[in-house]
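Any value given below was found using the heavy atoms of this structure, including those in side chains, with hydrogens, waters and symmetry copies removed.
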Amino acid sequence: MQLRFLLSASLVACCTTFATAQNTNSGTDKFAQLGTTLPTPNAYRTASGAPGADYWQQRADYNIRVKLDDDKQSITGSEDITYTNLSPDVLTYLWVQLDQNIMDKNSITTATQVGQIQDRMPFQALDYLQRSEFDGGFKISKVEMKGGKALPYVINHTMMRVDLPTPLRPRQAVTFSLAWSYNINDQTKINQRSGYEYFPEDKNYLYEIAQFYPRMAVYSDNQGWQHKQFLGNGEFALPFGDYRVSITAPADHIVGATGTLQNASEVLTSAQRQRLAQAVNAKKPVLIVTPMEAEQAEMRRKGGTKTWTYAAKNVRDFAWASSRKFIWDAMGIKQEGVPVMCMSYYPKEGNPLWGKYSTEVVAHTIKTYSKFTIPYAYPVAISVHGPVGGMEYPMLCFNGGRPEKDGTYTADRKYGMISVIIHEVGHNFFPMIVNSDERQWTWMDEGLNTFVQYLTEQEWERNYPSRRGEPKNIVDYMRTGTNLQTPIMTNSESVLQFGPNAYAKPATGLNILRETILGRELFDYAFKEYARRWAYKHPEPADFFRSMEDASGTDLDWFWRGWFYTTEHTDLALEGVKWYKVDSKNPELENAFKRQQLNSAPQTLSQQRNLQDIKKTLVDDKPELKDFYNNYDPLATTDADKQRYQQVVKGLSPEQQQRLSAGLNFYELSLKNRGGLTMPVIVQMTYEDGKQEMVNIPAEIWRKNNAEVTKVFITEKPVVSFVLDPYLETADTDLSNNAWPQKAAPSRFELFEQQQRVQPNPMQQQASMQQKEQKPGSSTNGAGGTN
C-alpha cells in the first residue's frame, strides 16, 4: 500500500525518535574490537600483523640415509640433524616428532578412537578398527652425539625428548644422530598419509613415503616447544632447513622426491637424461620414463639396488615415492624468471587421465598461486599418483583420481583429480612456504589453500565445478546447527565436521571478503602482503587477521569474530516494506490520490451482500431525509483549497518547491538478522519499467542494533520488488524470507526404485553405442534397430 507523509519540520523530530529507538544492542556487541582475544603485540609480532624487529625462528638441517625393503615393505634409516638455536633462550633438551608412532600398537590415537558397531560394516571399516594389530611405529635404535656419545631420550607417544649433554645457548648449533626402522602400512587397509599399494596383476608395489624420519618440532616465540601429540587430524609444525637425502631402492625402481636429483648420471639412462634436458624448455609434458619402459620394468625385475640422492634448500619437510611401475613426465616453466620443473609420476593404471592432465595442472597451479600470493621459488613441483588420496609436502604431493580399467572415467573423477592436484600442489604455498602451525590451526593451511584452489580452478576452465569456495556451497553446513559445529578457531583435533569447518568455511569466508566486503582490489593486495610478510616464517592467526586489516585499511574485527570465532550463520530477512510518497499539498493531486485509494479499496463481504439483499434504503424511499452531506464530495477541490495551496508554495524556497513536487518514492525496509552472523545487506530493486539496481550496504548497518534495523530507499521510479542477496554472496541459509513481495522457491524430490542399478559412466555408454554401430548389419533407425 502506498502511504503519504507530510514534508515538514515535524518530520525531523519523527526521524530522530525513530533512529534512537534502534540503538538497542543486547548481549555481545558484534562490532567490538577483538582486543584481548588476540595476543598482545610485541617485538616479535607487531600490531600490524608483520614480523617484528626481533622476530626469530629455529633451523634444522638434515643428512638422511634410508633403505626401502621391497620384500618386507619396511624402511631402515639413519640421519644427522644439525639444530641451530636462533632464539634468545638457553635450551637443555630438544623435542623430536615421531609421527610414525601414530601406527604404533599402543598408539594414543587408537586408544582414544571412538566409534560404533553397525549391523552392516564394510571390510575396510573392520580393517580400520583392527589397525592396532599392525606394528608400524618407529623402532629407535640409536640416539647419539656426532662423536658417538649416546644421548638419553624419552619417548612420549609421538614426541621424543632428547637431553643435551650441555645447554644449547643462543646462536649455537648441535649435531646429533639417530637410527631407526619401521614397517610400511598397506594404504588400502590402513589409510594414512603415507603407505604402499600392491598391484596383484603384475605383483608390484608402489610406495608413497612421508613422516619416515624423526623430525624436529617447532620452538617458537609464542608458545615455546610445539609438543602437541599427533592424533591424526592436526598435521605438522616444522622448522625450515636444508636436506640431503640418499634413498636406496630396488635397482629397477624410479624414485621421485622433494628437491633436485644430485646423481642423475648414476640412476638414469642417457636417454632419460636427454629427455629431462629437453623437458626444460618444452611447451607440453615430455616423457622421461615412457609407458613401455615402465611396463618392461614391471615384468623384468632386476636384482640389486640403486641409491638416489636428492637435495633441497630451505624447506620444512621431505617426502618421496618409489616404484618400478612409474611413468614419469616433465615440463619446465618460468616463474618471474626462475625455472621450475613441473613433473608427474604415475603407474599405467592412471592413464589416460594422468598423462593428459597431471603435469599441466601442476604448471597451472604454480602460475596461478604465484599470481595471488608470491612467486614460487623452489626448483621443482611434483604430483605423484598412488594409494594416498591427497597429501602435501615441499615440492612433492600424493594425489588420487584413477580412471576405470577400460580407461573411461566420469566427469566427477576427472574434475576430482584436477582439483586434488591443484589443492595439494597449492600446499607448496600454504603451509610449505607460509609456514603456519597445522598441529594447532588446520584452517590456516587448508582453508587458505582451498580458497586459492577455488581461484585456480576458475582459471582452469570457465564455470569449473568447484566444490568449495562459493557461498552457496556452504549453506547446508551452516544450517546443521551449533551442536554439530565448532568455530573455525578450534584446535585441529577437536573440530567437528572437519572438511566443512577447516576447508570450506574459511575458504568461503575469504571469498565473501574478496567479492562482497572488501572488493577484489583491496583483498588481493592485502592477501599478497600477508604471503609476502610471512613467506618462510611461522605465522599465527592474529598475524593473518592483522595483516589483512592493515594492508586493506579496513576494520574487519566484526568479520573475524562472527565467521571464525562463532557458529552463527547468515539469515537476513526482509520482514516487510512500506511505500511512502510525499504529500505535495496540491489539493488537486492529493484529492485525486485519495479518490484513487478509496475506489481501489476492496468491498467487504457484508457490503457485497447488502447490495444484493437491500433493494432500497430508507433514505432512497424518503428523499426528504437527505441533506447537504448526502451530495457533499469531500474530495472535490475548491477555489479556497487552491488559494491556500498557492499561499503555501509562495512561502517555500525553490529547492523546497522542487522536493514537494518531485514525486519521489520512499520505501522503508524492515530487516532482521535471524541467523546472528553479521553480513552486508545486498538489495536488488526491480523498477516498474523492468530495470534493476543493486545496492550493497556495508555490514556496519548493524552496528547499533545487531538484530533488526530499518532502511529507507528513495527512488524516482516505483519499485515492484526487493530481493536480498540475489547473487548468493553471503551464504544466506533461508532464501524464502529474502524477497518482497514474498516468493515461493520450488524444490525437487526424486522417485527411484528401491534397488538401483549401477549405471555405466557416460564415456562407457558412448563407447558401447559406437561398438553397436560398428557391428555388421546393425542399425539404430526404425524397426531394424538393435535390441
Report task. Would you please test Glu235 and Asp445 for side chain to side chain contact (heavy atoms under 4.5 Å, CB included) and show each step? Result -> CA-CA 10 Å; Glu235 291 177 356; Asp445 72 292; 4.3 Å; yes

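- Looking at Phe240, Tyr369, Tyr536 one by one, the single match for side chain to side chain contact (heavy atoms under 4.5 Å, CB included) with Ile433 turns out to be Tyr536.
- Dense packing is recorded around NZ of Lys414, with more than 12 heavy atoms of other residues, nucleotides or ligands lying under 6.0 Å away.
- With ring centers used as reference points, Tyr667 lies under 6.0 Å from Phe722.
- The aromatic rings of Trp563 and Phe559 sit parallel, their planes meeting at an angle under 30°, below the 60° perpendicular limit.
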**Report entry** Verdict with supporting geometry, Phe527 and Arg514, side chain to side chain contact (heavy atoms under 4.5 Å, CB included)
**Finding:** CA-CA 10 Å; Phe527 195 71; Arg514 183 174 189 254; over 6 Å; no

**Report entry** Residue pair Phe236, Phe230: steps toward the ring pair (Phe, Tyr, Trp, His ring centres under 6.0 Å) verdict
**Finding:** CA-CA 8 Å; Phe236 314 112; Phe230 178 43; 5.1 Å; yes

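- Ring to ring, Tyr243 and Tyr310 are not that close: their centroids are 6.0 angstrom or more apart.
- Put simply, the side chain of Met216 does not reach to within 4.5 Å of the side chain of Leu238, judged on heavy atoms.
- Heavy atoms of other residues, nucleotides or ligands lying less than 6.0 angstrom from NZ of Lys537 number more than 12.
- With Asp571 as the fixed residue, the side chain to side chain donor-acceptor pair (under 3.5 Å) test singles out one of Asn738, Thr733, Asn737: Asn737.
- For the pair Thr566/Pro487, no side-chain contact is recorded, criterion being any heavy-atom separation below 4.5 Å from C-beta on.
- Between Asp317 and Thr258, every side-chain heavy-atom pair lies at or beyond the 4.5 Å cut-off.
- In this pair, His427 and His423 present their aromatic rings perpendicular. The plane angle is above 60°, beyond the 30 to 60° band.
- Each of Phe564, Tyr565, Tyr503 was scored for a ring pair (Phe, Tyr, Trp, His ring centres under 6.0 Å) with Trp443, with one residue passing: Phe564.
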**Report entry** Test side chain to side chain contact (heavy atoms under 4.5 Å, CB included) applied to Arg533 and Ser48, step by step
**Finding:** CA-CA 11 Å; Arg533 288 176 174 182; Ser48 70; 4.2 Å; yes

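- Within 6.0 Å of CD in Glu336 there are 12 or fewer heavy atoms belonging to other residues, nucleotides or ligands.
- Arg479 CZ: more than 12 foreign heavy atoms inside a 6.0 Å radius.
- Considering only heavy atoms from C-beta on, Ser670 stays 4.5 Å or farther from Glu708 through its side chain.
- With Tyr393 as reference, Phe398 is the one residue of Phe398, Phe318, Tyr378 to meet the ring pair (Phe, Tyr, Trp, His ring centres under 6.0 Å) rule.
- Aromatic ring centroids of Phe451 and Phe523 lie under 6.0 Å apart.
- Using a 4.5 Å cut-off on side-chain heavy atoms (C-beta onward), Ile512 and Met679 make contact.
- The shortest distance between side-chain heavy atoms of Glu457 and Ser419 falls below 4.5 Å.
- A distance of 6.0 Å or more separates the ring centres of Tyr415 and Trp460.
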